[in-house]
Protein chains: 2
Amino acid sequence: MERIPILKVGQYLLITIQVDLHDKMILALQDELTNMIVKTGARGILIDISALEIVDSFIGRVLAQVASCAKLLDAETVVTGMRPAVAITMVELGISMKGVHTALNAEDGMELLNDILHRDEYAHDFSAIN
Amino acid sequence: MERIPILKVGQYLLITIQVDLHDKMILALQDELTNMIVKTGARGILIDISALEIVDSFIGRVLAQVASCAKLLDAETVVTGMRPAVAITMVELGISMKGVHTALNAEDGMELLNDILHRDEYAHDFSAIN
């Protein structure tokens, strides 16, 4: 069975989606991802979809689901590398990825995660002072 | 056509191989990788093969070729995530990946790249002093 590897890069987990997702793979991915978040204590997930030529409502929903799972475990999800044509199709079809941040490429995605997580820390500190 | 995305992560380039490689994809990968090394000035390439269940002599040769290309452009290549069964098969079949470093997982791979590149810098400094 094909599986999508999850790589720990620095303090984040990185997933590159290159193949068409089907149900079993997604269940396996969610399972492995949640386990890895717990094991590594990762606060950020980066999902690169630059290899995907089509993102339909199914994949949109899957990405939103993965992000929701991650969020429950205190991790933020950023989807990167969306092709222009994919962005247009998603808007035309009204596909939304709730709870998912997006960035142009993996590098920007990492920066976005850094920003989000540091802002969180700052908010924590701030609320502790007041 | 399927393509293998190359992600810039920090100062390194990261490639996850999930699908069976064929000639056209490899040419496209080599082309894109060399271009990205030149464009980004990356000094390290990390290739994760944890999704591959089989590494035959063809893939072994391809990885060695990619590493040689990268080396000519002053970048080191680390292959990570090899499965135990793959390692056994490679030894049994006498497949060698010349010029390719290996590490257990992406995280260790990054550390290895850091070590190699800092050692290089140290050697440069040392030869400059003497």
Side-chain angles (χ1 to χ4, degrees), chain A residues 1-22 24-26 28-29 32-33 35-37 39-55 78-83 85-86 102-114, chain B residues 1-22 24-26 28-29 32-33 35-37 39-55 78-83 85-86 102-114:
Chain A
M1 199 188 78
E2 279 173 327
R3 66 180 262 285
I4 298 170
I6 301 172
L7 308 183
K8 184 161 188 287
V9 176
Q11 48 179 328
Y12 304 128
L13 299 178
L14 194 144
I15 301 166
T16 338
I17 296 177
Q18 293 171 29
V19 290
D20 289 333
L21 299 168
H22 52 74
K24 264 196 183 169
M25 275 171 82
I26 288 154
L29 179 68
E32 204 186 338
L33 182 64
N35 278 324
M36 276 199 70
I37 294 173
K39 206 172 71 183
T40 62
R43 298 279 320 276
I45 319 292
L46 204 143
I47 304 179
D48 186 85
I49 58 165
S50 59
L52 291 188
E53 280 172 14
I54 297 163
V55 172
V78 174
V79 168
T80 65
M82 189 183 292
R83 299 187 184 194
V86 168
T102 51
L104 204 56
N105 52 45
E107 203 174 10
D108 289 356
M110 293 264 172
E111 266 177 40
L112 180 60
L113 281 174
N114 283 337
Chain B
M1 199 189 78
E2 279 173 327
R3 65 181 262 287
I4 298 171
I6 301 172
L7 309 183
K8 183 161 188 289
V9 176
Q11 48 180 329
Y12 304 128
L13 299 178
L14 194 145
I15 301 166
T16 338
I17 296 177
Q18 294 171 28
V19 289
D20 289 333
L21 299 168
H22 52 74
K24 264 196 184 167
M25 274 171 82
I26 288 154
L29 179 67
E32 204 186 340
L33 181 64
N35 278 323
M36 276 199 70
I37 294 173
K39 206 173 70 183
T40 61
R43 297 281 319 277
I45 319 291
L46 204 143
I47 304 179
D48 187 85
I49 58 166
S50 59
L52 292 187
E53 280 172 13
I54 297 163
V55 172
V78 174
V79 168
T80 65
M82 190 183 291
R83 300 186 182 193
V86 168
T102 51
L104 205 56
N105 52 44
E107 203 173 12
D108 289 357
M110 293 265 172
E111 265 176 41
L112 181 59
L113 281 174
N114 283 336

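Excluded from the calculations below are hydrogen atoms, water molecules and symmetry mates; all remaining heavy atoms, backbone and side chain alike, are included. Each chain gets a letter, A, B and so on, in the order the sequences are listed, and its residues count up from 1. Because the structure is predicted, anything quoted here is derived from the model rather than measured.
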(message) For the interface with chain B, which of A:Ser50, A:Gly81, A:Gly109 has the highest count of heavy-atom pairs at distances below 4.5 Å?
(response)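 Maximum pair count with chain B is reached by A:Ser50.
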(request) Look at B:Thr80, B:Asn105, B:Val9, B:Val19 and state which one has the largest set of heavy-atom pairs under 4.5 Å with chain A. (result) B:Val9
(message) Tell me if the CG atom of B:Asn35 is crowded by more than 12 foreign heavy atoms within 6.0 Å.
(response)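 Above 12, so yes.
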(request) Taking all heavy atoms of B:Glu107 and all of A:Gly10, pick out the closest pair and write down the distance. (result) OE2-O, 4.3 Å
(request) Supply the atom-to-atom distance B:Gln18 CD to A:Thr16 OG1, rounded to the nearest 0.5 angstrom. (result) 5.5 Å
(message) What part of A:Leu52 gets within 4.5 angstrom of chain B, counting heavy atoms only: side chain, backbone, both, or neither?
(response)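 Answer is neither: A:Leu52 stays 4.5 Å or more from chain B.
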